[in-house]
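Below, chains carry the letters A, B, ... as their sequence lines are ordered, and counting in each starts from 1.
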Amino acid sequence: MKNLLEDQIRQVFELQEAAMTTIDDPKPADETSISNTTDKAGLDDKADLDDKANVDDKANVLPLLNATSVSESKWRGVATDRLDRASSARSIMAIAAAVLVGLMAVGGLAAVNGSSDVADSTVAAGDSAQDDSAQDNDAQAESAQDDGADQVDSATVVQPASDGDASQSFPQRAASVSIKVGADSMAFKSVTYIPAVVDVSIVDSSGAEVTSTSIETDERGFFTWSTRGLAAGDYDLVLEPEAADGSADRFLVSKDPFTIDGQAVANEEFDDYTVNVNERGEVFPPSPPAGVYINPGNGTVSVMAATNGETNVAITVIDSAGAQVASDSVATDVGGSFRWSTSGLASGTYTMVLTPTAKDGSTGRHLTGRHTFTIGGAAPATASTGSTDTDTPTTSPATSTTINRQTTTVPADDSTKSDDSKTEDSVTKPGDKNEYGYPQKAGAVSIKTGTDSVSIKSTTYIPAVVAIAIVNSSGSQISSATVSTNSAGFFNWSANGLAPGNYSFTLDPKAADGTPGRFFASTEPFTIDGQEVANEEFDDYTVNVNEDGEVYPPSPPAGVYINPGNGTVSVDAATNGEANVAITIIDSAGTQVASGNVATDVWGSFRWSTSGLASGTYTMVLTPTAKDGSTGRHLTGRHTFTIEG
Amino acid sequence: MSTKVPNTTLELDRLDQTFDDFFSSAWPWARRLAAFLVQDQTAGEDIAQQALTKMADGWGSHDNPEAYLRRSLTNASNNWHRHNNVRRAKLPLLVEQDSVDFAANELADALAALPFRQRAVLVFRYYADLSEADIARALDCAPGTVKSLASRALDTLSKEIPR
């Protein structure tokens with residue numbers, strides 16, 4: 001059913017595009033020769049449209065309708081009426097609609113399904129226009145290339161003379177060929193939309209075939225392939241599909257160029273990229289590990305990160321000379337998160353390569369992530385960049401190393417004084433090394449402040465007992481506590497009732513097993529400004545470690561789309577996992593004017609709307625809580641919108 | 001499908017490409033894409049022209065001009081869609097709506113009625129044949145959001161059309 005629907009959607013777009021193309025290059029609809037008219041950047045199109053749309057719309061579309069084998073006046077009347085409206089509005093969209101009305105009146109959805117004679121004829125009619133437009137555009141591409149444009153089309157036709165069966169509604173060649181290149185490798189994915197067997201070959205610049213294979217697509221036509229060992233140079237990827245059911249002439253040969261430049265870093269992540277469709281035909285968004293937090297210090301590096309689903313993660317550490325100095329493989333927890341550390345690294349700059357693979361063997365779910373860090377010396381910022389963009393969580397390889405918010409660590413000699421300077425990595429001062437290789441202080445201290453509260457979370461990496469003290473700006477201790485970490489060293493603590501002002505807190509860990517000398521105290525400054533709005537999202541933030549010790553990258557609802565209009569506002573967003581979301585709307589005076597509570601779907605997405613809002617500016621507060629009661633998985637998001645008067 | 005939106009991964013070295021070259025190659029698909037996004041050809045052309053005009057000013061600064069253009073078109077289309085909704089709401093009885101009407105059958109009706117981002121995902125996926133990553137880039141959202149938007153859209157459409 002889904003595939004049928006997808007085909008129908010494509011049909012709608014194709015018909016609409018056919019109508020647009022008809023207006024682009026006005027000519028009789030029954031003209032079958034290839035037009036050599038080049039789309040001159042569309043400027044001429046617009047003039048043509050303005051001048052001729054009223055006339056040519058009908059001239060071009062009515063013959064299409066006449067081409068069908070049924071002549072009921074009923075649908076013709078409807079279609080003509082639609083055409084009249086379309087002409088008056090000069091909207092080609094309406095023309096496509098009129099065509100569809102005619103088609104639907106004749107054959108109902110069967111026209112789209114292609115399951116009747118009538119349907120066949122209507123599809124052929126649509127394809128006639130479509131083929132014309134395709135040829136026109138191929139001509140455009142050739143023209144552009146003749147003009148010297150360095151154009152790469154995603155669906156380059158190399159055998160336009162091949163007689164594809166015009167009655168077929170399938171693409172005449174493998175579509176959407178996506179190519180990824182590495183230092184000596186290439187991978188691609190594509191789709192034929194129907195089951196097919198695809199002969200794949202790679203041809204070098206001299207025309208010699210370098211390698212070839214034959215691939216069976218999945219039931220939806222998706223297929224992928226990769227190869228290694230390619231020398232630097234220019235190549236063509238040649239795809240020659242044949243329908244799996246043996247029907248002939250459904251496809252043309254396609255040829256797409258790519259270049260291997262021998263540069264390892266530029267597209268390295270694609271070396272391990274295979275496909276975003278697994279063996280079951282499921283499409284996964286490939287992603288590198290996200291929320292990567294790397295904590296280098298004193299010869300030891302630790303990584304905490306999360307993947308998109310269950311995975312095993314291969315970790316390698318490479319020094320600046322490219323030599324592998326450490327490697328391991330870890331299994332993620334049920335949330336896709338993992339932790340790993342290694343020690344004994346000399347001072348220098350390293351790259352950590354994280355290569356996840358799905359536990360179930362499905363491919364294409366993950367991309368490789370690469371993260372640079374420095375051991376010793378003045379370490380540059382690496383992983384924890386303190387992103388505050390609540391609307392756009394990091395997803396791309398280029399920006400995937402962000403997660404911890406307001407994560408700060410203090411210089412090693414700050415155990416006795418406050419220092420406003422903040423560095424992203426734990427850097428121990430000379431002489432602080434000990435024999436255990438553990439961080440010398442609590443690492444990755446994340447601070448969240450509320451109206452009158454502060455919450456902190458951190459880790460000592462090993463079980464420890466941490467003495468925490470809060471000192472105000474005059475040096476007076478106003479609160480203290482002792483907390484025990486969990487088995488992985490994670491701990492969190494919060495205090496409230498703080499008056500506005502500047503504070504600092506001291507963390508003084510002791511190893512739980514009594515081993516002395518593993519830690520020294522660290523101090524972090526923070527400010528309570530009493531402003532409810534400024535840090536509102538942290539009021540509900542607890543910790544990113546749940547009761548089972550699992551680490552979740554806390555995140556606010558992502559992809560938030562708020563659509564205000566006419567007193568109504570709707571929100572469409574997604575959370576990081578299953579959640580219930582409390583929604584409140586606050587007006588500019590701070591008064592709550594609406595609220596709701598929604599449960600997300602299995603993807604963590606949700607929708608909600610309310611109406612009756614007066615003109616003005618509002619803030620929508622989205623507060624997710626995990627359905628399973630685990631804490632720290634989500635942050636509150638705040639979004640301002642305006643209801644126009 | 002005759003004119004495809006270029007796939008990001010295929011956009012190889014175009015350092016030598018002039019804006020005129022880019023305009024020539026991008027205009028056909030840009031105006032179609034915008035037209036499908038806003039369901040209005042004239043508005044789509046305006047949006048595409050404005051986006052390309054802005055790109056001309058900063059030509060040379062875009063690492064991936066096609067992806068940049070897709071993103072610009074999406075944002076501009078979204079803004080147009082939003083303001084058009086307001087305009088329509090304010091002028092319900094004065095004039096007959098002259099723009100768009102893809103509304104010809106249940107499926108086209110349902111497509112036109114989808115929320116903008118859901119429709120955009122379908123346009124990118126089934127018209128432009130973009131990967132989820134490229135769609136996410138164009139919509140400025142996570143790939144998972146693309147998946148959920150598409151799922152919702154298909155779910156809505158499957159309920160709207162007759163079996």
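- Neither the backbone nor the side chain of B:Leu52 comes within contact range of chain A, judged by heavy atoms closer than 4.5 Å.
- Closest of all the heavy-atom pairs between B:Leu154 and A:Ile9 is CD2-CD1, 3.5 Å.
- If you measure heavy-atom distances from B:Leu111 to chain A, the contacts under 4.5 Å come from the side chain alone.
- The two residues B:Arg152 and A:Phe606 come nearest to each other via the heavy atoms NH2-N, 3.6 Å.
- Taking CG of A:Leu5 as the start and OH of B:Tyr126 as the end, the distance is 7.0 Å to the nearest 0.5 Å.
- For a residue to count as touching a neighbouring chain, one of its non-hydrogen atoms must lie under 4.5 Å from one of that chain's; by this rule B:Val146 does not touch chain A.
- Looking at heavy atoms from C-beta onward, A:Gln8 lies out of side-chain contact with B:Leu157 at the 4.5 angstrom threshold.
- The structure places CZ of A:Arg10 at 9.0 Å from CZ of B:Arg125, a figure rounded to the nearest 0.5 Å.
- Checked against side-chain hydrogen bond (donor to acceptor under 3.5 Å, both in side chains), B:Asn75 has no partners two or more places apart in sequence or in another chain.
- Listed here is the closest heavy atom pair of A:Phe13 and B:Phe36: O-CZ, 3.8 Å.
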